[in-house]
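From a predicted model like this one, the values you see are computed outputs, not experimental measurements. Remember, it's 1-based here, ligands and their atoms both numbered in the order they're listed. All values below come from the heavy atoms of this structure, side chains included, with hydrogens, waters and symmetry mates left out.
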Amino acid sequence: MEQMTVQIVTPDGMKYDHHAAFVLVKTVEGEMGIYPGHEELIAVLEIDEMKVRRVDDENHVDWIAVNGGIIEINKNMITVISDSAERERDIDISRAERAKLRAERELEEAHKAHNADLEKRATVALQRAINRIRVGKH
Ligand code: ATP
């Protein structure tokens with residue numbers, strides 16, 4: 001059976017390295033489903049979940065919270081490079097919920113202060129937290 005290798009690399013090291021039959025990611029251009037034999041491509045990822053259907057067990061799906069970054073597809077090798085990425089089982093949901101509350105507070109303060117930089121940072125932090133909570137609860 002044709003398969004792909006999926007590797008997710010962050011500054012903390014290799015966060016994921018498995019063989020997959022199917023991968024679903026969200027790029028800035030929209031959702032992208034990837035099967036073996038996909039054309040070569042480089043795309044920018046949204047802060048979103050990544051779904052990996054493993055080859056060893058058709059019913060086994062891994063969910064990973066990916067904090068944006070780049071995906072490269074090259075001859076059944078899928079490489080994701082991101083600032084951070086966490087597998088479902090490694091996510092500390094209460095930490096993400098605290099981060100979400102903090103980001104919401106910062107967003108409100110940034111609004112009041114008309115501080116666009118802070119608003120942008122808080123919005124991204126909020127997206128990260130919401131993504132982690134969603135993946136952690138799969
Ligand atoms: P926090 O405010 O909770 O630190 P953050 O969004 O600022 O959240 P990042 O800077 O994106 O955190 O990540 C720092 C490191 O902590 C990364 O290695 C990331 O994988 C890890 N990390 C962040 N939040 C969580 C979480 N809820 N569960 C598990 N690992 C996490």
Undergrad: Should Glu40 and Lys75 count as an ion pair when the cut-off is N to O under 4.0 Å?
TA: yes

Undergrad: Just to confirm, does any protein heavy atom lie below 4.0 Å from atom 1 (P) of ligand 1?
TA: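 Within 4.0 Å: yes, protein heavy atom nearby.
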
Undergrad: To check you understand the geometry: which heavy-atom pair defines the closest contact between Asn76 and Gly37, and what is its length?
TA: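 Minimum heavy-atom separation between Asn76 and Gly37: OD1-N, 2.7 Å.
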
Undergrad: Of the protein's non-hydrogen atoms, which lies at the shortest distance from atom 29 (C) of ligand 1, and what is that distance?
TA: Asp90 O, 3.4 Å

Undergrad: Work out which heavy atom in Met32 is nearest to a heavy atom in Ile71; give both atom names and the distance.
TA: CE-CG2, 4.4 Å

Undergrad: Using the salt bridge (charged side-chain N to carboxylate O under 4.0 Å, His left out) rule, pick out the option among Lys26, Arg132, Arg128, Arg134 that qualifies with Glu49.
TA: Arg134

Undergrad: For ligand 1, is there an atom lying under 4.0 Å from some heavy atom of Arg102?
TA: yes

Undergrad: Closest non-hydrogen protein atom to atom 28 (N) of ligand 1, residue and atom name please, with distance?
TA: Asp92 N, 2.9 Å

Undergrad: Among protein heavy atoms, which sits nearest to atom 8 (O) of ligand 1, and what does the distance come to when rounded to 0.1 Å?
TA: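 That would be Arg132 NH1, 3.7 Å.
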
Undergrad: So which heavy atom in the protein is nearest atom 6 (O) of ligand 1, and how far is it from that ligand atom?
TA: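 Answer, as residue, atom name and distance: Arg128 NE, 2.6 Å.
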
Undergrad: At what distance is the nearest protein heavy atom to atom 14 (C) of ligand 1, and which residue and atom is it?
TA: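 The answer is Arg95 NH2, 4.0 Å.
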
Undergrad: May I ask you to identify the nearest protein heavy atom to atom 20 (O) of ligand 1, giving residue, atom name and distance to one decimal place in Å?
TA: Glu86 OE2, 2.5 Å

